[in-house]
Q: 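Quick one: this structure, given as structure tokens, is what I'll be asking you about.
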Amino acid sequence: MTPSNENTVDLRSDTLTKPTAAMREAMASAEVGDDVFGEDPTVAELERRSAELLGKEAGLFVPSGTMANLLAFLSQTRPSDTLILSGESHPFNYEGGNVALVGGLMTRTIDGPLGMMSADAIQPFIMKSADHHFSQTAIISIENTTNRGGGNMYSLETIAGIRALADEHAVKLHCDGARLFNAVVASGISAADYARDMDTVCFCFSKGLGAPVGSVLTGTRAVVEEAHRFRKLLGGGMRQVGILAAAGIYALDHHIERLADDHRRAAQFREALESIPEISFPMPTPTNIVFLDVPDAETFHAEAEAGGLRLVNTGPGRFRAVFHLDVDDDGLEKAIVVCKRAAGKCSQGSAKPQPDRSN
Ligand SMILES: Cc1ncc(COP(=O)(O)O)c(C=O)c1O
């Protein structure tokens, strides 16, 4: 795929951000050591701060959200157990089937609005039985905010309901919080409050927080120690990685509150296009992710690209636009103009199925 140039407004993902000059400076001046020996003070600081923010005992810096989720599952299940998660969730759709290959896990997917699950929806699928026929449910994973659910977030009541169900059946609860801070900023609910009912929570520095790489998995010290063992086993032990952890620390200090700007722009983008007859919005837009449906995806996509606007085609007639650190108000205006023009070229009623690449 062609890289974007400086005139392109690239809304394909919030992973596309480039580190700012100040973030690069923080990285360049980071104190480092060999983290496999446990001697990188910047990594230790990032893990400590992340755990504290989420009200957990310990944190582990890992290269990706994918690895953070996988480590959460590996360290809280046994091969042949079942993982319950939304059929729209990132681990089910976009993590290469790693839980099957590496964890030996069965998955049981649950349908629900906006990529979310409720205790009522999960309850019939929990399996804890002495009968040897059955794979045992070991863990439930929720996503907050939901990527394929339009950046929507769980209510604390729904989370509490799932926690009660998990407790009743001695099942663990994990949160894929790749965009947890988007939920925090949009709802006013603290990260610790979102994390309270979870056994493990991970979040990403490489999405809306604008760092080039990295995620943290948090939980009890015992679970994080187990995850640490699996991180090494998977080749995720990194050496003088304080350079990257420094970007994460910078992001915690400077890039959380500003997520509100991304949310405002996402809302403005949607509002400006709501009156366009060819465009409809299948989901609410509380944070930085906007899904839009158009009747002629091929024409719309080609016109958007020709106008310098990049979106991801996530399914038949459906596009995703994600607002982030590298899109300012001029970028927003351009995105609106290009979308209006592209919609004007679409003929109604000719949606064509497209591959889904919305990871
Ligand atoms: C909700 C969610 N979870 C996990 C991930 C995986 O993160 P990574 O790309 O760092 O592996 C992503 C990536 O976009 C995501 O959107």
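Numbering of ligands and ligand atoms starts at 1, following listing order.
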Q: Decide, yes or no, whether a salt bridge links Arg270 with Glu274 under the criterion of side-chain N to carboxylate O below 4.0 Å.
A: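 Salt bridge between Arg270 and Glu274, a charged N being under 4.0 Å from a carboxylate O: yes.
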Q: Taking only Lys NZ, Arg NE, NH1 and NH2, and the carboxylate oxygens of Asp or Glu, determine whether Asp262 and Lys207 approach each other closer than 4.0 Å.
A: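 Looking at Asp262 and Lys207, the cut-off is not met.
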Q: Within the 4.5 Å heavy-atom criterion, are Met67 and Ser215 side-chain neighbours or not?
A: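 Counting from C-beta outward, Met67 and Ser215 never come under 4.5 Å.
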Q: Under 4.0 Å from a heavy atom of Thr66: which atoms of ligand 1 are those, numbered in the order shown and with their elements?
A: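 So the atoms of ligand 1 that pass are 6 (C), 7 (O), 8 (P), 11 (O).
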Q: At under 4.0 Å between heavy atoms, which part of Ser64 makes contact with ligand 1: side chain, backbone, both or neither?
A: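 Both the backbone and the side chain of Ser64 come within reach of ligand 1.
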Q: Does any N or O atom in Arg179 lie less than 3.5 angstrom from one in ligand 1, N or O only?
A: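 Yes: some nitrogen or oxygen of Arg179 is under 3.5 Å from one in ligand 1.
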Q: Would you call Glu52-Arg49 a salt bridge at under 4.0 Å N-O?
A: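 No salt bridge links Glu52 with Arg49.
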Q: For ligand 1, find out whether one of its N or O atoms is nearer than 3.5 Å to an N or O atom of Gly65.
A: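 N/O-N/O distance below 3.5 Å exists for this pair.
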Q: With respect to Thr15, determine whether any N or O atom, backbone or side chain, lies less than 3.5 Å from an N or O atom of ligand 1.
A: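 The answer is no, given that Thr15 and ligand 1 share no N or O pair closer than 3.5 Å.
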Q: Heavy atoms, side chains only, cut-off 4.5 Å: are Arg179 and Asn147 in contact?
A: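 They are in side-chain contact.
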Q: Measure from atom 1 (C) of ligand 1 to every heavy atom in Glu143, Met67, Glu88, Glu95 and give the option owning the shortest one.
A: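 Nearest heavy atom to atom 1 (C) of ligand 1 lies in Glu143.
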